[in-house]
Amino acid sequence: MDYLRNLFSRTLGIGTPEKVLDELSIEGISRFMLSEKCKNVVCMVGAGISTSAGIPDFRSPGSGLYSNLQKYNLPYPEAIFQIGYFKENPEPFFALARELFPGQFKPTICHYFIRLLKEKGLLLRCYSQNIDTLERVAGLTSDDLVEAHGTFHSSHCVDTFCRAEYSLSWMKEKIFSDLIPKCEKCNNLVKPDIVFFGESLPSRFFSAIKSDFPKVDLLIVMGTSLQVQPFASLVSKVSSKTPRLLINKELAGQGDPFFSVFGFGGGMDFDSEKAYRDVAWLGDCDDGCLALADFLGWKAELEELVKKEHAAIDAAAEAAKKKESKPGGSSSEESSAANASDEKANN
């Protein structure tokens, strides 16, 4: 009944939606977070939270991944993540994987803000579209995460009857040796557990939604265009009384009023006269997290956490580099950087 009452009040102008924030702003979100009403926060994140780490997003004109794949001579950009194309032509994917492989990048302010939510006892789950494992490097565990589009963290043989599993370190060794990873049991291709076009999402994605979303008190969406389904549909899975915050370079996730009348979509409404729970902060995701942390009184703590963790990653990378420069070791800087973050990424 609450859902129907709020649905018709928003779309048909019948009645007034129940107020869930004292102000539709990032300040209003911060006050809600500090109240007794906010105990379970779910984050939905995309490639935009990793761009400041040096990892390109997919769709930004000019700088996005799909705009810079000409060197791989693909029939079309998305082919590099098509399972059928991969099985016939794995070389382009593994060449790209070498460039993007975990361990070469440090988590961003956004990643550590999510870590801080965990430390404050507020994080219920982080749903990520990303495959870079930076959430893990920042200190989130497998239980904290739903990696909706898979991850480099583990790999499996593509043969349906084999499915032998391989570790991140095994895959790294193959990729950085310019070898096409082949299964040691059946000699078929081994692919990181990244969800390609044509593959199903992990079962954990669907089971976690059922258990998590009825409990959500606040949904924070960061760094995603919300164009890829079914991930994008998660914004509509929370209660109609749940505030939703978007931190992104541009607006995303807005619904079509026509379809909302019939109960479809549940899209975000930031600026109509019927807006009552959705807030958008537009700009770089790191800046948005810093702004929210400032209103929460956490800014200094967040900045110190980033400084401390980045220093630890740099120290580990330097130690690995010195070890590999000794006789019998590799002097590859890429390998040193990759080794530095392996331990955290394997958590």
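Here the structure is a predicted model, which is why all the values come from computation and not from measurement.
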When you measure from the side chain of [X] to the backbone N and O of [Y], does any donor-acceptor pair fall under 3.5 Å?
X	Y	result
Ser177	Leu179	no
Asn248	Met222	no
Gln229	Ser233	yes
Asp269	Ser272	yes
Gln104	Arg98	yes
Arg125	Val42	no
Tyr127	Phe231	no
Ser50	Ala53	no
Thr108	Ile49	yes

Check whether any side-chain heavy atom of [X] sits under 4.5 Å from a side-chain heavy atom of [Y], and report yes or no.
X	Y	value
Glu78	Tyr85	no
Pro92	Leu74	yes
Asn188	Phe161	no
Cys289	Trp281	no
Thr242	Val20	no
Leu246	Val235	no
Ser154	Glu165	yes
Pro192	Phe93	yes

Among all residues two or more places apart in sequence or in another chain, which pass the salt bridge (charged side-chain N to carboxylate O under 4.0 Å, His left out) test with Arg31?
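Salt bridge (charged side-chain N to carboxylate O under 4.0 Å, His left out) list for Arg31, sorted by chain: Asp22, Glu23.
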[atom1] of [X] to [atom2] of [Y]: how many Å apart, nearest 0.5 Å?
X	Y	atom1	atom2	value
Ser225	Lys249	OG	NZ	13.0 Å
Asp132	Asn130	CG	CG	5.0 Å
Asp159	Lys87	CG	NZ	8.5 Å
Asn40	Leu117	CG	CG	11.5 Å

Identify the heavy atoms of [X] and [Y] that sit nearest to each other, and give their distance.
X	Y	value
Cys183	Tyr166	SG-OH, 3.3 Å
Leu282	Glu250	CD2-C, 3.7 Å
Arg277	Val238	NH1-CG2, 3.8 Å
Cys38	Leu218	SG-CB, 4.1 Å
Cys186	Cys157	SG-SG, 3.4 Å
Ala252	Leu226	C-CD1, 4.1 Å

Show the numbers, then the answer: is there a ring pair (Phe, Tyr, Trp, His ring centres under 6.0 Å) between Phe101 and Phe94?
CA-CA 10 Å; Phe101 201 80; Phe94 285 116; 9.9 Å; no
Lys120 NZ: over 12 foreign heavy atoms closer than 6.0 Å
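Buried by this count: over 12 neighbours within 6.0 Å.
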Assess whether atom NZ of Lys174 is packed by more than 12 heavy atoms of other residues, nucleotides or ligands within 6.0 Å.
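More than 12 within 6.0 Å, yes.
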Applying the side chain to side chain contact (heavy atoms under 4.5 Å, CB included) criterion to Leu302, which one of Asp294, Leu290, Leu292 satisfies it?
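Looking at Asp294, Leu290, Leu292, the match for Leu302 under the side chain to side chain contact (heavy atoms under 4.5 Å, CB included) is Leu290.
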Any side-chain donor-acceptor pair under 3.5 Å between His156 and Asp193?
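Note: His156 and Asp193 side chains meet the donor-acceptor criterion.
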Under 3.5 Å, is there a donor-acceptor pair linking the side chains of Glu119 and Trp298?
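Short answer, no.
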Presence of salt bridge, Asp212 and Lys237, under 4.0 angstrom:
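So Lys237 does not pair with Asp212 through a salt bridge.
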Could you check whether Asp217 pairs with Lys39 (Lys NZ or Arg NE/NH1/NH2 to Asp/Glu carboxylate O, under 4.0 Å)?
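Not counted as a salt bridge, because no side-chain N and carboxylate O are separated by less than 4.0 Å.
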For Ile180 and Leu189, run side-chain contact (heavy atoms from CB on, under 4.5 Å): C-alpha distance rounded to whole Å, both residues' side-chain angles, the deciding distance at 0.1 Å, then the answer.
CA-CA 8 Å; Ile180 298 300; Leu189 288 169; 3.5 Å; yes
Quick one, Asp284 with Ser52, criterion side-chain contact (heavy atoms from CB on, under 4.5 Å). Give me CA distance, side-chain angles, the key distance, then yes/no.
CA-CA 9 Å; Asp284 288 336; Ser52 65; over 6 Å; no
Does the pair Ile29 and Met33 meet the rule for a side-chain contact (heavy atoms from CB on, under 4.5 Å), with working shown?
CA-CA 6 Å; Ile29 291 287; Met33 291 177 69; 4.0 Å; yes
Can you list the residues that meet the ring-ring contact (aromatic ring centres under 6.0 Å, His included) rule with His310, with sequence neighbours excluded?
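Per chain and number, His310 pairs via ring-ring contact (aromatic ring centres under 6.0 Å, His included) with Tyr112.
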Show your reasoning for whether side-chain contact (heavy atoms from CB on, under 4.5 Å) applies to His111 and Glu309.
CA-CA 11 Å; His111 294 100; Glu309 292 292 316; over 6 Å; no
